[in-house]
Each structure stands twice: as C-alpha cells, then as structure tokens.
There are 2 protein chains.
Amino acid sequence: MEDDEWEPPKILLAVDLVILTLRETRLQVLLVKRGIEPYLGAYALPGGFLFDEHEDIEAAARRELSEEAGLADVHLEELGVYGEPGRDPRGRVVSVAYLAIAPSLPEPIAGTDAADACWMSVEDLLSGRVGLAFDHHRIIGDGIERARVKLEHTALATAFCGETFTISDLQQVYEAVWGVRLDPRNFYRKVKGARGFIIPVGSLQRPENGRPARLFKAGPVRVLHPPMARSTSVPPEAQVTREGGVRS
Amino acid sequence: MEDDEWEPPKILLAVDLVILTLRETRLQVLLVKRGIEPYLGAYALPGGFLFDEHEDIEAAARRELSEEAGLADVHLEELGVYGEPGRDPRGRVVSVAYLAIAPSLPEPIAGTDAADACWMSVEDLLSGRVGLAFDHHRIIGDGIERARVKLEHTALATAFCGETFTISDLQQVYEAVWGVRLDPRNFYRKVKGARGFIIPVGSLQRPENGRPARLFKAGPVRVLHPPMARSTSVPPEAQVTREGGVRS
DNA sequence: GGGCCTTCCTGTCGATCTGACAAAAAGCTA
DNA sequence: TAGCTTTTTGTCAGATCGACAGGAAGGCCC
C-alpha cells in the first residue's frame, strides 16, 4: 500500500441475465443473437454494460430485463461474478450475472428491441453442444444449478407460475427444473404440508381433461419447512428424457 | 445500443473478505483498522482494489487473504457484489465480497502487514452497534447468513476445524455459527449418519477432561444427506447467550 | 484401589416425514 | 351410463428426529 503513484485499475462492468421460464413443460432460457463483434451471430445471454457511472448494478439488470425481454416484476437475484481476464477478447470485462425467473405468460417475448431473441431448451443447451458466446454456457449451468437448489428449500417455484396455479402446474415446474418425474400423490401431500408455501384461492381451474383442480396462490413463506427434498429414487419411468409423453 | 459515441463507464473494482473462525467457542470475524481516508480509524473488512487490469478477482481475494491475514489454503467462496452508487464517498466503487473460513489455528494472526488486524466476536458485532466502514456491516451479516445456511446442507463446518477433529469440535462449530445449543447425543448420531461427511482416523484425542474422543477427518462429500436440519426447538438452556458457561 | 467427576458413545421410544401404492371424487366424451 | 382423465384423500412400512437413559472410558482426589 505505497502512497506513491500507484492507481487502481478501472474496469468495464457488465450484467448478464439468465432468464428461465417454463414453456410446454420444458425449462427454457432466453438467448439473443449477437449483432456485433465479438462472437457476431452467436447466441448469448441478454445483457450489456452499465449505462453510466451512476447506474446501480441491479437497476442495470432490470433495465436489460425490460429492454431485451419485455419483462418487469419478475423474480431477480444475483447469481455471481464472472471476471476472469481473457473472457472477453476486447479486454478486461467483469460481468455480474443475474438469475431471473419468468412465469409462462400468454405472449412469449414482447417488446424485445432485438428481434433475435429466442427461447432455447435447457436440455438441448446442456447436452448437445450449442456454442454460446463468452463463458455464457457456464453461467447458464450455474444458474440452473442455483434454481435446482433453491427449489428444494425456498418457494422459488411459484415464480415460474402466474398469479394463481394448480398443484399440477407446480409439479411441472419441479419436474422440468430437476429433470425427474415425481409421484403426483406424494407431491400433493408434500406441497400442502409445507407451511405457508401455497394458499388456496376459492376457485377451480378449467379442466381440459380430468377432474377440475383447486387454484392456489403463492404464500408468504420464502423458506420451506419441511423442505421439498429432492429424493434419490424416482418412479419407474426414471428420468424425464424429452417430450411430456412418457407413454411407457 | 447506438453505435454513436457512447462509451460504457469504467469502474473501480475491489474485493472485501469476510473471514470467519472459531476462537474459544465464539464465532469471530477479522477486521482491520483503516489507515487512510475515508473512514480513517474505523474498523473495516480486509480487502482492497484489484492490483492491475489483469489480476483475477478471486486471485486478488487470495492475495488479500495472505497479505492481511497470513492465511492460505482456506475455504474461500464468493459472497456477492456490493456496488450501490454512493457506498464509497470517493466515487463509484464496486466490491466483490468473499467468504473465507479459517480453522482455529495455534497462531492467531501471523504475517499481517497491517498490525491493526483483530478478531471481533460476531455476537458483539451484530447486536451492539460497532460502527464499521462502508456497508461492511451488511456484508458481514450476509456472510454469516451464508455460513448458517451452508452448515445445514454442506460439509462447510469441517473448514472451521483443523486436519483432524472430534465430533465435539464439530458441534462447537454448529453451536457458535447457529447461536444455539445442541444435544450432544443427537448431534453425534446425526453427524455419523450423514454419509461421507466425516471419516474416522484411528486415533483418539488427549482428553483434557473426560473420556477420550475419536478423531475424524473431513470426508469427500460436499452435500450432506441427510442434511443437518436446524431444528426449531432447542434444549432447555435455549439460545446460547455468552460464555461457554451455561451453568444453569 | 475406590469414589466421583467429566465427557464420549450407544441405544430406546414416540412423533414426524417419506416413498410406494390403493382408491374415491369430479369432470369430460361417447 | 360406461369409460377416460386428472385431482384429491388415504394407508402403510421405513427412515429420521428430538428427548432422554445409561454404559464406557478416561482423570482426580483420597
């Protein structure tokens, strides 16, 4: 700590967003096709640099959330910092990654200024090599892992649903994020046993197929007790592979 | 995203360290007395700016860990980003906070270039108002909360212990971090039941008082199953207040 | 050595929680 | 009304948890 002439470096700060949602029972992440170098034409996470020296970091994340995905009032939490030297060929860029959870809404992607935004299945992304820009593949992996863990201990799953939802809707969230199939009877009992997790609203849901389901809304509790333990064993069908089918 | 003349801002990047350890059954955090403005003379977390534009952020954290606390090879994980405009009166500074866990070693603080480093009890810090520089009070709170949660689900507790330890040592970690008293019999059963958490080494420990205790070392498992549930109820003595005494 | 202290370790019991089922309830379609 | 679907309520055995009893293994003092 000499007082001489040393000056600490100033560095470019960016935000990147891992926006997860459920579409047709599949977990999907929002990607945008890059319109500038580097990685021109490659898919990347939505994000960008701080606007000016006075913009708050989370405010920048919400701004990008609105600009690039047309989303507001969704769950948003910090995921981590990605700042290895060399991760951006333009020079030193430190990126703060955020995890956002969006409910499956009627209109898929509205108000995106870059029309090159699209939802991509997390399954395809993690297994089949889809080349992404920068270290965004790793960021997405970390984001999904975060979501998986938080589904166990917190009420995060309700962020995937709309204002009201059925217990089956909630089960689809758990199945998609964890990539497993769950027993509906036990899931039902467990969810209702977690105090403060969900609150019944009076009404029922349009039964497209079977018995009408009761509707619930998110409860006040953030930490689940007892937790939704991710069990080691799964029903005969085992892991979910693709398609909701599983017609044995 | 105009291509005009706009240039993203460059910002000062710092690291701050929440270094936790156990000293005489109490959870303590390392603080240093500031030698420069702002907050001259106030206690603050160890930390500092990146050395140059090419230093990795975690490397900077390890450098500070070594320089200011004389520690190496301790558990270190990212805690979060603290970057609100205005948190540093000098201008915009974004700080990446890290959580470090140090075992209770023989020599308390060695090799600190700032001799103004000292351990402070977390209890005193969180309850009695001890003014800290910047937003470091909040960072410490977040660090302790992180430690509390991770003690439940991961093998983080072993990071507070040395190479080998007894189950009682481990229990002291849980009691100090959670601020509760635990039943030794149930704790023993639970720890031994968590598969891969601890591995017995053959020997016993010098019994200063009672029956010699078996020694263990940390196991390979990072995620505990079953977890060490933080129960709602506690033995009659209730919360730990101060002092190991509890002589009724 | 014999009490008596301490702490460590093993075990027991009832309450709670979990996973694997059965079966009833409540809609739709034919 | 029969048959199909999905939701909801149970049942039952096994795992786990908190509260506690009691034996094991040292040291200390007489």
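In what follows, every chain begins at residue 1, and chains take the letters A, B, ... in the order their sequences are listed.
In this structure the side chain of B/Tyr98 never reaches within 4.5 angstrom of the side chain of B/Ile19, judged on heavy atoms. Under the 4.5 Å side-chain criterion, counting only non-hydrogen atoms from C-beta, B/Lys190 is in contact with B/Met228. You'll find the side chain of A/Phe165 reaches within 4.5 Å of the side chain of A/Thr158, heavy atoms only.
Under the 6.0 Å cut-off for aromatic ring centres, B/Phe187 and B/Tyr174 qualify, their centroids lying closer than that.
Residue B/Asp169 contributes atom CG, which lies 16 Å from atom C1' of C/dC9 at whole-angstrom precision. Taking atom CZ of B/Phe187 as the reference point, atom C1' of D/dT16 lies 16 Å away to the nearest angstrom. Regarding A/Leu182, its CG atom lies at a distance of 17 Å from the C1' atom of D/dT8, rounded to whole Å. Here the C1' atom of nucleotide D/dT6 and the CZ atom of A/Arg181 are 13 Å apart, to the nearest Å. Rounded to whole Å, the distance from CG on B/Asp183 to C1' on C/dC9 is 12 Å. Between the CZ atom of B/Phe197 and the C1' atom of D/dT16 there is a distance of 17 Å, rounded to whole Å. Protein atom NZ of B/Lys192 is 8 Å distant from nucleotide atom P of C/dC9, rounded to whole Å. Atom pair A/Gln205:CD and C/dC28:P shows a separation of 14 Å (rounding to whole Å applied).
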**Fill in**
Quick tally for nucleotides 24-30 of chain D: nucleotides whose base has a protein heavy atom under 4.0 Å get B, sugar-phosphate-only ones S, the rest -, giving BBB----
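Counting all heavy atoms, side chain and backbone alike, A/Ala218 lies closest to A/Ile199 at O-CD1, 4.3 Å. Of all heavy-atom pairs between A/Leu182 and A/Gln171, the closest is O-NE2, 2.9 Å.
A donor-acceptor distance shorter than 3.5 angstrom exists from the side chain of A/His137 to the backbone of A/Leu125, with no hydrogens or angles considered. Judged by distance alone, the side chain of A/Thr154 and the main-chain N or O of A/Leu156 form a donor-acceptor pair under 3.5 Å.
DNA chain C lies under 4.0 Å from no heavy atom of any residue of residues 213-222 of chain A.
Side chain of B/Lys190, nearest nucleotide from C/dC17, D/dG22, D/dC17: D/dC17. In the set D/dG18, D/dT7, C/dC21, D/dT7 carries the atom at the smallest distance from any side-chain atom of A/Ser168. For B/Arg189, the listed nucleotide lying nearest its side chain is D/dC17; candidates were D/dC17, C/dA20, D/dT16. Here the side chain of B/Tyr188 is nearest to one of C/dC17, D/dG10, C/dT10, namely C/dT10. The nucleotide whose nearest atom lies closest to any side-chain atom of B/Arg185 is, among D/dG22, D/dA19, C/dC17, D/dG22.
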Report, one line per pair, each donor and acceptor closer than 3.5 Å where one atom sits in a side chain of residues 139-149 of chain B; sequence neighbours left out.
| from | atom 1 | to | atom 2 | distance (Å) |
| --- | --- | --- | --- | --- |
| B/Asp142 | OD2 | B/Tyr82 | OH | 2.5 |
| B/Arg146 | NH1 | B/Glu77 | OE2 | 2.7 |
| B/Arg146 | NH1 | B/Glu78 | O | 3.0 |
| B/Arg146 | NH2 | B/Leu79 | O | 3.0 |
| B/Arg148 | NE | B/Val177 | O | 2.8 |

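Heavy-atom contacts from other residues, nucleotides or ligands closer than 6.0 Å to CD of A/Glu24 number 12 or fewer.
Within 4.0 Å of A/Thr166, counting heavy atoms only, lies no atom of the nucleic acid at all.
Remark: A/Arg230 is not in phosphate contact with C/dT18, judged by side-chain N or O atoms under 4.0 Å from OP1 or OP2.
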